[in-house]
Structure formats: structure tokens, C-alpha cells
> 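Have a look at this one.
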Amino acid sequence: MFRLVQTEISLDRTATTPLQRQIAQAIKHRVLSGALKSGEALPSTRALATELRVSRNTVIAAYDQLIGEGYLDAHHRSRICVSESFACQQGSGQHVAEVRRFPIPSTPPLLSCPIPFRPCQPDVRLFPLATWNRMRTRALKRFGASLLDYQSQAAVLGLPSLREALAQYLRDSRGVRCQWHQVAITSGSQQALALLAQVLLAKANGRVLIEDPGYKGAQEAFRRAGARIKPLPVDDQGLVVPAKPIFADFVYTTPARQFPTGASMPLARRLALIEFAHRSKAMIVEDDYDSEFRYLHPPLPSLHSLDPHGIVINVGSMSKLLFPSLRIGYVVLPESLVEDFACARSAMDDHGPLIDQATLEEFIATGAFFTHVRRCRREYAVRLEALLEGVHRSKLPVSLPYADGGMNIAALLLPESDLSEDRLVHWLADRGFEAPGLSSYCLALRAKPGVLLGFAAFEPETIETLTRRLNGLHVPSGTTGKHLKRPPRKDDR
Ligand SMILES: Cc1ncc(COP(=O)(O)O)c(C=O)c1O
């Protein structure tokens, strides 16, 4: 056992795990648990190597790995500190976003089904599988064996005809002004975010501004690419735009429906955000993950459509519109990034699977895509009503201020309620619901206490039955069931 800045590392020299990895894991664990504080200096490689009785190269390799993963910053060769991105996350005393873990199961796991009310689950049973299969057959006939070959040159950024179809769809539905060759197909929007981080981070330790609370998939992709993450607060109009420029490589935002709060960004703030990013010499990554699902109004135009400077990159996904295991996302790139992005994509997996891309192209061309999206919009609107009703009936001490779209609803604890977020999460878990606390999406800042409820994957009758389980939470009198009516929209369009 050895001392490492107020904490300890124990190395198991008999284990098969290399010492370098053991050191990296021990430091990572201490950073995540807060035992090593943001900005705290680590011992020099020489000192730690002596202390642990390992070679200096072993410690250098462990530090390099942690710098690459964004846990540590190397200010000078001699001074290595815990990354700034862990700033207020540590010591805020609140529950913070956990890095996702993938423990090795003892037996092969079964595929999972939707869990009430886990967020971000579409209802895949609505998907017209028979039509999809017909489109697949047609696509295979049309393209023939060429769909089966390596297509590294022609299709590194996706099947060209699908890129054309998506460019048309984005022009019509989201006001995105782009040529087909600016549209790149990725494996879900997750791969788009990971590749964008690689391409946009000007140097190791480049800075990214992100919404806090925000989407964990983005936080993780940027951190893994070595970004220094600066969290920006969120209010009831989405990302709060800083008054002064902040130099950064890019800003990540979900303006159509802030994830997880659900607030949509009004026009004035959208314009302010674009000007802020322009002055900060930063690009904007606009994650348009579920903007099609607005039930009271037509979808808001994208941030991309308002951008006079060519700095907004629009990212979207078929995961919610069609089905998540399709793993088809897209990104609309500025001309100047197309080639770099193609190189990064090619290094990752040459190109994506083409049979599904050709099927999707047929699905769009025949109009089946639009029929399906309209059907989901209608169904989900009814399901949202059922959830609002159920929560209202249950008299849970929550408000639902952003109940006009999406697939999830943030239920905010009423200020006068004496219930803690933690208690609500556990109370729901005891009744079989997986509704994460909003603070679990926080990096550094505080979210209003509440939970995120996903409603899209269940029929209205099921939602009604499920929400009956919500009755009976003891709360002080006078705090129940208020504010459940839809508030008037604040957007200025
Ligand atoms: C904010 C946000 N962006 C993107 C996605 C979609 O990711 P993918 O296209 O990789 O399935 C999700 C899914 O839940 C999300 O919540």
C-alpha cells in the first residue's frame, strides 16, 4: 500500500492486469470519487515510480492514458493535475453523472425490453416491420451485389443517395440549408458526437462548453476525446448564454428540447447563442435528437437555419423516429470539415453498413417514413396526455412545466414539498419505475430537483395502470397536484 496525495494505491503484482493499467484505474477511481480534487497536482512520474517501486515508464504510460481520457491535464511536462472538468462536480455534495459502466456478466445477457418510465425509449412496436422488409428487398434488387462490397471511397460518409434524401428532408422539415455532400451518415448520433469531438478539438485539452444538466452520451464522448469540459447552466429557456465570449472549440446544445429538462430555446436566445459562439470563435454542435416530436406546435426551425456565419453543425438520429438498434444518425457538416470528418470516419470503421442505409432511402422515397413519423406523433401525444392525467391523479408533489412534446417529461419537485429527489427516485424504484433524478445528469452545476419520466414506449391504457401505482406517497398537505396544467408557451414564434 502506498500513499498518493492523501489516498492510497495498492498494486497486485501477481495479477494479470498490467501495473500501468492498475495505476490508471486506481487514480481514475479516486478522481471519480472526489478523493483527488480538480486541479490537485499528482506526484511527478519519478516520485510516484519510486514510491510504487515500478519503472518510470509504467507511470508515464498510466498518466498518458488518463490525460488522453480527460481525467488529468498536463500543464507542463513536470506538472500533472486532475482535470478542470471535474471542478464543481466534486464537493458539491450532490449526486453527479456516473461514467457508464459495462461490467462483464457471468452469463450472456438477454436483450432487454422497455422499462417504465425509463427515459428515451421509443415504441418500436409501432414500427412497420413488414413495409421495412419490402423496402429492403427492393433496395437489394436495385443496388444488387454492389451493396455487399467494400465501398470505402464512394460511401465513407454513407450511401450517397441516402445522403441526398436526408439533405432534402432536412431542408424541408428543419430549414437546414445544405448540399448532399455535407450530410454524413454515422452509427447513431453517438458516433457523430464522438467523431466531431475528434475533428473539432484543435489540440489535446481543447475546451468544450456544454449544457449542465445535459446528455451523458455527449459528456462521455467529449471527455474520452480529451476535452476540457466547461459546464454552462440551463434555465427555462435552455442553455443560458454567457454575457462574455469564452474561448472554446465548440458549444454542445439541445435547443429544440433541452435534455433532460425539456425546455425549448426561444428565437431571441437562439440568435444570442449564435452570436456568442461566433465571438468565442467556437463552433456549435446542435443535437436535434427529437425535434420532430412536438405535439402542440409544428417543430421549431433548427439553429442551423438561423446561422449567418456557417458555424452550426446539425446532428440528428433515426433512433427515436424509427428504432434505436438501426444505429443510423447523421451530421450536417460545414464544407471545411467534410474531408477531415471523412478521414476520422474511415479510420474508425471504414464505412457504415449499407443494406440498412439503402432500405432507409427507399423508406423515405416511398413516403413510409413520413407516415410512420406522423403516426408516432399522434400516438405519443395521447400517451403524454395519459401520463399527465396519471401524475395529476396520483397527487405527486411535482410540476411538469415542459409538457408539450418529446418522449420524456421532467417532473420537478414543488419547492414547498419536503420530499428530496433521492427519496422520490427510490420511492419510484420500489414501485418498479426507472425514473432517474435530474441531478444524475449534472456534471458540476445544480439541476432543479425532480425526475425524468419516459412515456413514449407504453400504450395509454398501460400508462394509466402504471400511474395508479404512484398513489399514496406521503406529502405534506397543500403541496399536491398543483401546476399540472400546461402553461402557455413562452416561445416567440
Ligand atoms: C440528447 C440525445 N442525443 C442523442 C440521442 C440519440 O442517440 P443515438 O442516435 O446514438 O441513439 C439521445 C438518445 O437518447 C439523446 O437523449
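Heavy atoms only: backbone and side chains are in, while hydrogens, waters and symmetry mates are out. Whatever order the structure lists them in is the order used to number ligands and atoms, beginning at 1.
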> Salt bridge or not between E275 and R279? Use side-chain N to carboxylate O under 4.0 Å.
no

> Looking at every heavy atom in both A344 and Q198, which two are closest together, and how far apart are they?
CB-OE1, 3.7 Å

> Do we see a donor-acceptor contact under 3.5 Å between the side chains of E211 and T254?
yes

> Anything under 3.5 Å between a donor and an acceptor, one on a side chain of residues 107-120, the other on a protein residue two or more places apart or in another chain? List them.
unit_1: R118; atom_1: NE; unit_2: E434; atom_2: OE1; d: 3.3
unit_1: R118; atom_1: NE; unit_2: E434; atom_2: OE2; d: 2.9
unit_1: R118; atom_1: NH2; unit_2: E434; atom_2: OE1; d: 3.0

> Looking only at side chains, do Y295 and D404 share a donor and an acceptor under 3.5 Å apart?
no

> Are any of the side-chain nitrogens in R383 or E464 under 4.0 Å away from the carboxylate oxygens of its partner?
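Salt bridge flag = no for E464 with R383.
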
> Between ligand 1 and the protein, which N/O pairs are shorter than 3.5 Å?
unit_1: ligand 1; atom_1: 3 (N); unit_2: D287; atom_2: OD1; d: 3.4
unit_1: ligand 1; atom_1: 3 (N); unit_2: D287; atom_2: OD2; d: 2.7
unit_1: ligand 1; atom_1: 7 (O); unit_2: S189; atom_2: OG; d: 3.2
unit_1: ligand 1; atom_1: 9 (O); unit_2: S189; atom_2: N; d: 2.7
unit_1: ligand 1; atom_1: 9 (O); unit_2: S189; atom_2: OG; d: 2.8
unit_1: ligand 1; atom_1: 9 (O); unit_2: S317; atom_2: OG; d: 2.6
unit_1: ligand 1; atom_1: 9 (O); unit_2: S319; atom_2: OG; d: 3.2
unit_1: ligand 1; atom_1: 10 (O); unit_2: S189; atom_2: N; d: 3.3
unit_1: ligand 1; atom_1: 10 (O); unit_2: Q190; atom_2: N; d: 3.0
unit_1: ligand 1; atom_1: 10 (O); unit_2: R327; atom_2: NH2; d: 2.8
unit_1: ligand 1; atom_1: 11 (O); unit_2: S319; atom_2: OG; d: 2.6
unit_1: ligand 1; atom_1: 11 (O); unit_2: R327; atom_2: NH1; d: 2.9
unit_1: ligand 1; atom_1: 14 (O); unit_2: K320; atom_2: NZ; d: 3.0

